[in-house]
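Here is the structure we will look at.
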Amino acid sequence: MNSVGEGCTDMKREYDQCFNRWFAEKFLKGEGSGDPCTDLFKRYQQCVQKAIKEKEIPIEGLEFMGHGKEKPESSS
C-alpha cells in the first residue's frame, strides 16, 4: 500500500520491511528489547505529517499512536 504522500512511499516500504524483519526475527522469539526501526518510523511520520498538511487533509479530533505515545484509556 502506498503512503498518503507520494514522496513518503519509499520511506513507508523501508520502515515496513525493517519492522516486519524485527518482529519476525526478534520480537516473536522473545528478543524484543528495543525497536531498531524507530528512526525510520520518525522520518516516515514527519513525511506523512507534511503531506497531510500540504494536502489540507482535516485531522481534527483524530488521535494518533506511535513511538512514545500510550494507548488512551477506554471510557466505557
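Side-chain atoms are counted along with the backbone in the values below, which use heavy atoms only and exclude waters and symmetry mates.
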In Å and rounded to the nearest 0.5 Å, what is the [atom1] to [atom2] distance from [X] to [Y]?
X	Y	atom1	atom2	answer
Phe23	Lys29	CZ	NZ	12.5 Å
Lys42	Cys37	NZ	SG	12.5 Å
Phe19	Thr38	CZ	OG1	10.5 Å
Leu40	Gln45	CG	CD	12.5 Å

Quiz item: Is there a donor-acceptor pair closer than 3.5 Å between any side-chain N or O of Trp22 and the backbone N or O of Gln17?
Solution: no

Listed pairs under 3.5 Å, donor-acceptor, residues 3-14 side chains, sequence neighbours left out:
from: Ser3; atom 1: OG; to: Tyr44; atom 2: OH; distance (Å): 3.2
from: Thr9; atom 1: OG1; to: Ser3; atom 2: N; distance (Å): 3.3
from: Lys12; atom 1: NZ; to: Asp16; atom 2: OD2; distance (Å): 2.7
from: Arg13; atom 1: NH2; to: Asn2; atom 2: OD1; distance (Å): 3.0

Quiz item: So do Lys53 and Gln49 actually touch side chain to side chain, heavy atoms under 4.5 Å?
Solution: no

